[in-house]
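Values below: every heavy atom of this structure, side chains too, minus hydrogens, waters and symmetry copies.
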Amino acid sequence: MANENDLFSHLEQILEMNPGTLQINQNVRELKTWDSLKLLEVIAFADSELHVELDAESLSKCGTVGDIVSLLSASVRSQQSGNR
Amino acid sequence: MLKSQKGVNLDTLNIPKLPLRYGTDSCYISLSDSRSAADIIALRNDRELGKYVNYVELTLEDQERWLTEQLGRADSLNFSLIAQQRFAGILSLYNIEHGTSCEFGRMMMPNDGRRIYALAAEILGMSFAFEVLGVRTLYCVVVEGNDTVLRFHLRNGWKEDARYDRYASVNGSNAHLVGLSVERSEWPGCFAKMQPLARRLFVSPGKAVGE
């Protein structure tokens with residue numbers, strides 16, 4: 001599982017948002033539920049579900065939900081091309 | 001109190017207080033001395049991070065003076081958090097009444113990827129208070145309006161406790177400080193809740209998180 005729609009859905013769950021309420025261009029820092037624990041949960045999700053090690057520094061620099069989805073997606077692609 | 005001209009270095013035993021480290025090789029708290037002064041000053045002088053803390057432009061002399069005074073106290077422990085061999089924040093246990101209660105606070109994390117170690121700071125502080133100091137009650141205060149920190153503590157098992165509510169001047173305004181507490185009997189449940197995520201922060205070097 002690595003398509004961006006799936007990643008977006010999982011982010012909604014991590015961020016405790018009702019399905020369909022999260023916007024791709026939403027600023028994560030404006031989300032009430034975004035904090036250091038959520039950062040860690042995204043890293044844990046990337047590790048256990050996507051089998052990629054996510055860089056906390058890069059994640060903390062993400063401005064929007066879309067940035068996080070792109071980072072996750074790029075990490076998966078990078079890992080897959082490294083495995084070939 | 002004896003100290004070298006270069007400040008207090010606990011590793012050289014230049015004061016009657018020895019180094020204190022608690023945690024794993026990858027993530028631990030260490031009693032602050034002069035060696036962490038520059039990192040602490042950078043953190044304290046960050047205006048954005050200090051929004052809910054009384055802002056004072058700290059100098060090295062201010063920090064050394066405060067540190068020396070604090071190291072002489074029996075009721076206060078000020079720690080630096082070290083994660084993956086890198087300074088990652090500060091936290092303190094103070095108003096310590098050994099075996100009874102103490103206050104958890106002065107927790108500040110850098111505003112970058114090291115923020116994820118806030119959970120490590122919380123678990124280390126709570127564990128030290130309950131497991132080493134043996135307190136029955138650990139309490140803290142959060143400035144009303146600091147919802148991120150309030151929610152963080154509540155998710156880790158703290159409960160609002162009006163016994164510890166107080167008012168104080170914060171950056172010129174009279175702020176309501178919301179009291180929170182957790183009892184020693186509740187600590188195992190808190191630990192169980194934090195453990196799945198916290199374990200990722202305490203892994204051995206080589207599987208870096210946040211590098």
- From the list A:Thr33, A:Leu39, A:Leu37, the residue making the most non-hydrogen contacts under 4.5 Å with chain B is A:Leu37
- Structural part of B:Asn156 lying under 4.5 Å from a heavy atom of chain A: side chain
- Message: For B:Arg199, is the CZ atom crowded, meaning more than 12 foreign heavy atoms sit under 6.0 Å from it?
- Response: no
- Measuring from A:Glu41:CD to B:Leu119:CG, what's the distance to the nearest 0.5 Å? 10.0 Å
- Under 4.5 Å heavy-atom distance to chain B, tell me which part of A:Leu59 shows up: side chain, backbone, both or neither. neither
- Message: How close do B:Leu197 and A:Ala44 get, counting heavy atoms only, and between which atoms?
- Response: CD2-CB, 3.8 Å
- Message: Rounded to the nearest 0.5 Å, what separates atom CD1 in B:Ile116 from atom CD1 in A:Ile43?
- Response: 4.0 Å
- Which atoms of B:Asp147 approach chain A - backbone, side chain, both or neither, heavy atom under 4.5 Å: neither
- Query: Between B:Arg151 and A:Asp35, does at least one N-O distance fall below 4.0 Å, as a salt bridge requires?
  - Reply: yes
- Query: Do the side chains of B:Met109 and A:Ser36 get nearer than 4.5 Å, heavy atoms only?
  - Reply: no
